[in-house]
Amino acid sequence: MALNLASTAAAASCFATSSSSSTSAAGRRAASVVAMPSTSSAAATTSLRMARQAACEPLVACRAVAAERATAASASSRRNGVPVFVMMPLDTVKKCGSALNRRKAVAASLAALKSAGVEGIMVDVWWGIVESHGPGRYNFDGYMELMEMARNTGLKVQAVMSFHQCGGNVGDSVNIPLPRWVVEEMEKDQEFAYTDQWGRRNYEYVSLGADAMPVLKGRTPIECYTDFMRAFRDHFASFLGNTIVEIQVGMGPAGELRYPSYPESNGTWRFPGIGAFQCGDRYMRASLKAAAEATGKPEWGHGGPTDAGGYNSWPEDTVFFRADGGGWSTEYGDFFLSWYSQMLLDHGDRVLSGATSVFDDATGVKISVKVAGIHWHYGTRSHAPELTAGYYNTRHRDGYLPIARLLARHGSAVLNFTCVEMRDHEQPQEARCMPEALVRQVGGAARAAGVGLAGENALPRYDGTAHDQVVAAAVDRAAEERMVAFTYLRMGPDLFSPDNWRRFVAFVRRMSEAGSPREAAEREAHGVAQATGSLVHEAAAALRS
């Protein structure tokens, strides 16, 4: 095997960073002081004294003072609001898994987020990083460092079990493939990669058709996911329920419960194309054939619709998705779409069964599942992009209630939904985009099933208009209709620019305190922004480096 010099250099860099980041206990205590402001004067005095004693750098004490002042200025109890979490950068942990990327930036950023009143952070725990060196060989060192920093800072953590590839979707700024040994198996037998009708393979996530097949070195994909979660639980047992409060279980591309029907890699799909069905691999074809024979229509089992257009078609460009007389509204269309969506639901059920067997009630963590906000062509009859993604949602059928009921059967797992920041009139009207109506529909499905609804913004937004929309959708409603949490996309230098930071602090106040007037939140945010100015500047600079 040829020696990969780039990989060797990266591994050496990881080792050096890991060694240098293993600072003394006193140094770690000093860092924790910076990030643990207290609302009481006694706690503030104690924190400042500890900072003076432990700090070797003059900036440490300055950070502690700024954090204390910010917290004192914003101290107020929650009034049944919605806690805000912030997504960490996709490459928070080095690809070798042994250390954090930009450790100084992470420390400064966590302290700044705490000062703003943020509840916690969300981080992707990448399968392609943790188990990269071989089946059952887990390296959580970099994540352990992050969890310790979060705990010392007083922030909670939403940990995402990311069983998908990073790269090829909206917002993917880095490339983190599946574990190499998984990719090697997929290269040997490409039939357990998702496949479209033209034979195009997708390696973002192992095809759900192979869920029960021992195709990964003698284990099934479901067994691999469950073993991974069990290893995570065992490594982080002391953090569960206190620092780590939620486990979001990856179910497909981008971590979402869906098919990879609209991949951006290599220009395959562009918004607002309808996408394409992903049922061309051997295992999916075998399931479809069996379902058709059981229905008494064996001729329906030879493959998916061949008249459904291409990735970048619009509904009316196709025969299958057109409004009047399209195949989606026929007996065959109902058979195929029912089978296709049920396969996705069954996959979700299998992965959730593994997750709940590992993270039982004793761990004290919530389980959540992410569902994609496919809002384009929502105003059409067929809802074509939702159908190709596996959501059998049309003008005459609710495709989200079955998903919500699935989560309810697994201990009321939380339904996490995207595109909460979007407004209908901001979208291209010719694409019949209706994100606001979609969010309302999904919220109604969650309430009907008795599960909590959490939200995310689909795209980075730092403006007051987007913040207003999130507050209206998540907080400004009856208590029983409020979201249980909101995760903000994403931590980075843009978030820490002075104007964006001030608006973000005001947004957090409005989210955390239901009914808080916008003007009062903005006045309070101005004081916090001033108190944390040097800390935020340092975080932004470190993230850019």
Side-chain angles (χ1 to χ4, degrees), residues 70 73-87 112-122 155-156 158 246 368 370-371 373 375 414-427 433-444 446-447 452-491 494-529:
S74 64
S76 61
S77 60
R78 293 191 187 278
R79 295 191 294 274
N80 299 316
V82 176
V84 175
F85 292 76
V86 175
M87 294 185 198
L113 294 178
K114 180 63 177 179
S115 73
V118 165
E119 182 78 5
I121 58 173
M122 172 181 277
L155 291 171
K156 307 299 184 185
Q158 297 169 321
E246 181 180 324
S368 69
K370 187 176 178 180
V371 175
H375 57 86
V414 173
L415 195 163
N416 187 290
F417 197 66
T418 62
C419 79
V420 177
E421 85 284 8
M422 294 182 174
R423 298 190 180 196
D424 293 351
H425 72 269
E426 295 174 337
Q427 313 305 317
C433 301
M434 298 179 65
E436 293 176 69
L438 176 57
V439 170
R440 287 194 297 271
Q441 180 187 354
V442 173
R447 287 193 299 276
L453 178 69
E456 295 180 5
N457 48 315
L459 300 172
R461 292 281 297 270
Y462 308 101
D463 57 284
T465 299
H467 293 166
D468 288 346
Q469 182 64 20
V470 174
V471 170
V475 184
D476 290 347
R477 50 188 59 247
E480 64 274 11
E481 296 182 359
R482 290 178 190 150
M483 292 185 179
V484 297
F486 182 82
T487 305
Y488 194 90
L489 183 154
R490 171 180 316 273
M491 192 187 90
D494 289 342
L495 174 61
F496 293 122
S497 71
D499 288 342
N500 289 347
W501 177 248
R502 187 184 66 256
R503 284 190 289 265
F504 174 74
V505 174
F507 165 73
V508 172
R509 294 296 185 273
R510 294 170 66 196
M511 290 287 285
S512 301
E513 302 163 12
S516 176
R518 176 174 179 172
E519 295 76 12
E522 289 177 345
R523 286 195 301 270
E524 193 175 6
H526 183 73
V528 173

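On a predicted model such as this, the values are computed, not experimentally measured, just so you know.
Under the 4.5 Å side-chain criterion, counting only non-hydrogen atoms from C-beta, F507 is in contact with V471. You'll find the side chain of V86 stays beyond 4.5 Å of the side chain of M122, heavy atoms only. Under the 4.5 Å side-chain criterion, counting only non-hydrogen atoms from C-beta, P460 is not in contact with R490. Between L415 and V371 there is a side-chain heavy-atom pair separated by less than 4.5 Å. Side chains of K114 and V118 form no contact here, defined as non-hydrogen atoms less than 4.5 Å apart. Annotation: side chain of R482 is in contact with side chain of N80 (closest heavy-atom distance under 4.5 Å). Side chains of V439 and H375 form no contact here, defined as non-hydrogen atoms less than 4.5 Å apart.
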Criterion side chain to side chain contact (heavy atoms under 4.5 Å, CB included) on Y462 and D494, from CA distance to verdict:
CA-CA 8 Å; Y462 308 101; D494 289 342; 3.8 Å; yes

Check against side chain to side chain contact (heavy atoms under 4.5 Å, CB included), F486 and N457:
CA-CA 9 Å; F486 182 82; N457 48 315; 3.8 Å; yes

Determine whether R423 and T465 satisfy the following criterion, side chain to side chain contact (heavy atoms under 4.5 Å, CB included), listing intermediate values before the conclusion.
CA-CA 9 Å; R423 298 190 180 196; T465 299; 3.9 Å; yes

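For the pair R503 and G464, the tightest heavy-atom approach, listed with the atom from each and the gap, is CD-N, 4.0 Å. Closest of all the heavy-atom pairs between S516 and A521 is OG-CB, 4.2 Å. Summarising the geometry of C433 relative to Q427, their closest heavy-atom pair is CB-CB, 3.4 Å, with the distance given to 0.1 Å. For S512 against G117, the heavy-atom pair with the smallest separation is OG-O, 4.2 Å. Taking all atoms of both residues into account, the shortest heavy-atom contact from W501 to A112 is CH2-O, 3.2 Å. Summarising the geometry of G373 relative to L438, their closest heavy-atom pair is C-CD2, 3.9 Å, with the distance given to 0.1 Å.
Taking the six-membered ring for Trp and the full ring otherwise, F504 and Y488 have centroids separated by under 6.0 Å.
No donor-acceptor pair closer than 3.5 Å links the side chain of Q469 to the backbone N or O of A466. Of the possible polar contacts, one joining the D424 side chain to the E436 backbone as a donor-acceptor pair under 3.5 Å is found.
How far CZ of F417 is from OG of S368: 14.5 Å, rounded to the nearest 0.5 Å. To the nearest 0.5 Å, atom CG of residue L489 and atom CG of residue L459 are 8.0 Å apart. Interatomic distance, NE2 of H467 versus CZ of R518, reported as 9.5 Å (0.5 Å rounding).
Side-chain atoms of E456 and T418 form no donor-acceptor pair, as typed in the model, at a separation below 3.5 Å.
E522 and R502 are not joined by a salt bridge, as no carboxylate oxygen comes within less than 4.0 angstrom of a charged side-chain nitrogen. In this structure, R510 pairs ionically with D468, as a charged nitrogen and a carboxylate oxygen lie closer than 4.0 Å. The existence of a salt bridge linking R461 and E421 is excluded, since no basic side-chain nitrogen approaches an acidic carboxylate oxygen closer than 4.0 Å.
Screening E119, E246, Q158 for a side chain to side chain donor-acceptor pair (under 3.5 Å) with T487, the sole residue that qualifies is Q158. Each of N416, L453, V414, V82 was compared with V484 under the side-chain contact (heavy atoms from CB on, under 4.5 Å) criterion, and only V414 meets it.
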